[in-house]
Amino acid sequence: MWWEDAVVYQVYPRSFQDSDGDGVGDLPGIAARLDHVEALGVDALWLSPVYPSPLADFGYDITDHMAIDPVYGTLDDFDALVTAVHGRGLRLLMDLVPCHTSIEHPWFREHPDRYIWADGAKPPNNWIATFGGPAWTRDERSGRWYLHSFYPEQPDLDWRNPEVVAAMQDVVRFWLDRGVDGFRIDAIDRLLKDPDLRDDPPARAAPALPLLGEYATLEHLHSVNAPDIETALGGLREAAGDALLVGEVYLPTAALAPYLRHLDAAFCFELLHAPPDAKTLRAVLEAALELEAAWVLSNHDFGRLATHFGPERAAVAMLLLLTLPGVAFLYQGDEIGMSEGPGHDPPLDRAGRDRARHPMQWDGTPAGGFTTGEPWLPVVDAPARNAAAQSGDPASMLSLARAAIALRSELGGGTRFLDAADDVLAFRRGSGHVVALNLAGEPRPAPPAGDLRLVTHGGPSGAAPSELGAYQGFVARLA
Ligand code: NOJ
């Protein structure tokens, strides 16, 4: 399949490229920047939601799953983008958001039976919403409680109602008919919950993946990941045929197997959240390499690669992301080493994620070439860090990302971890390539590795060194 070992580039449309000066990125803007995407060498683009939305959750609260929000353009603009993307031999993935809608979606009033309701003087159970507060809110008009796994403006759909399954299958077919090549599926572990709405028990241990404040006080035994989740997954697969389906399953690696019986890949969030130390990374990877994990180190929710790993380790982190076997997701801006920004004052996203959503920095002008208007979120440091300057600099993060992507097809199948010095993560790929990454701020012995193919700092030439410099990584090939 085309996605084996693919690199998918995550476009956050609001912040990629504005074409009409309103300060918000749009579809014609994305089309105008395809040279950059093509030169990067990725295989596909994933567009975070571009559907009509009142923006309570920045596009993940949708009022029409089969339309484009006018701020991003029109369906014609979308069709033109699909054609342009395909014309360059790239693929396009949409963000499918099947778990909930906006509370302003017409279904909420016209088809209330498509949502999950409870009667009574108080909520039917103790479930907590992901961003805090009860997962139930009273609808003023009907006096009933509706369930929302996220913000109160995002009522959960009832996937036990066959009408919901059929409606969402129509959405999948609608975009496939327009030519898209697959979907990243949002919050897919929330599709089915306990039909008896039993209480979640108190958390007995620290969560396997980080959770926000109050949400971490419960073990989400009944509110997510129901034992019959595969019924819902099967419904999505039925509509999608052989299109690529990548699941946003916010569960530990050990819980991904049922999802992977229906999806092609699922994000490995244990890797995204792992501390930047070689031992932990190896343990997380060894467990996930058994599965069809999609590698991701950053996104619009959890922040940027250069901030999580620290700017000094950004290059080795990039090399790690791009040398693992399977599908890798690269968040726009990480290829130029953007760090998280200050966000917005007052915050636009109530869950504090503005910092990871600042505009792409194309050139060294103050607005970074993102817009001719007032950007919806400030541009952080375009004069110091931008794609134009890095494009011609062989020592830049952008050059490293391009070179690593270009090398992927030569790495071969399989991965075997090598015993290496403390702080060094080293593995051998099927074709005899050795990847060695020093996460420490001091030199460390390098594993035996043959001839250099790629180095994070300094150009490749000759035999791989016997020592890795501070925060240095390389790919070399054994004879
Ligand atoms: C995951 C999305 O990536 C995030 O931005 C959103 O808030 C939640 N799912 C709810 O849709």
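Both counts, for ligands and for their atoms, begin at 1 and track the order of listing. Below, each value reflects all heavy atoms present in this structure, side chains not excepted, and no hydrogens, waters or symmetry copies.
Residue R353 approaches ligand 1 through these ligand atoms, each under 4.0 Å from one of its heavy atoms: 4 (C), 5 (O), 6 (C), 7 (O). Atoms of ligand 1 found under 4.0 Å from any heavy atom of H100 (numbered from 1 in listed order, with element): 10 (C), 11 (O). Every atom of ligand 1 with a heavy atom of E248 under 4.0 Å away is listed here by number and element: 1 (C), 3 (O), 9 (N). Below 4.0 Å from some heavy atom of R184 lie the following atoms of ligand 1, by number and element: 1 (C), 2 (C), 3 (O). The contact set between ligand 1 and D186, taken as ligand atoms under 4.0 Å from a residue heavy atom, comprises 1 (C), 2 (C), 3 (O), 8 (C), 9 (N), 10 (C), 11 (O).
Across D77, D76, D79, a single residue satisfies salt bridge (charged side-chain N to carboxylate O under 4.0 Å, His left out) together with R178, and that is D79. Test D64, D61, T63 against S53 for side chain to side chain donor-acceptor pair (under 3.5 Å) and you get one pass: D61.
Counting heavy atoms of neighbouring residues, nucleotides and ligands inside a 6.0 Å radius, atom CZ of R88 exceeds 12 of them. No more than 12 heavy atoms of other residues, nucleotides or ligands sit less than 6.0 Å from atom CD of E374.
Note that R14 lies outside the cation-pi zone of F58, set by a 6.0 Å cut-off to the ring centre and a 45° limit from the axis.
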Name each donor-acceptor pair under 3.5 Å that joins a side chain in residues 122-131 to protein atoms two or more places apart or in another chain, with its distance.
unit_1: N125; atom_1: OD1; unit_2: W127; atom_2: N; d: 3.1
unit_1: N125; atom_1: OD1; unit_2: W136; atom_2: NE1; d: 2.7
unit_1: N125; atom_1: ND2; unit_2: L197; atom_2: O; d: 3.1
unit_1: N126; atom_1: OD1; unit_2: D200; atom_2: N; d: 2.9
unit_1: N126; atom_1: ND2; unit_2: D200; atom_2: O; d: 2.7
unit_1: W127; atom_1: NE1; unit_2: R198; atom_2: O; d: 2.8
unit_1: T130; atom_1: OG1; unit_2: S149; atom_2: O; d: 2.8
unit_1: T130; atom_1: OG1; unit_2: R190; atom_2: NH1; d: 3.2
unit_1: T130; atom_1: OG1; unit_2: R190; atom_2: NH2; d: 3.1

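Under the 4.5 Å side-chain criterion, counting only non-hydrogen atoms from C-beta, L81 is in contact with L47.
Scanning all protein heavy atoms for the shortest distance to atom 5 (O) of ligand 1 gives D301 OD1, 2.7 Å. Atom 10 (C) of ligand 1 has D57 OD2, 3.4 Å as its closest protein atom, hydrogens excluded (heavy atom only).
Using 4.0 Å as the threshold, F58 has no heavy atom nearer than that to any atom of ligand 1.
Counting heavy atoms closer than 4.0 Å to ligand 1, residue F302 contributes nothing at all.
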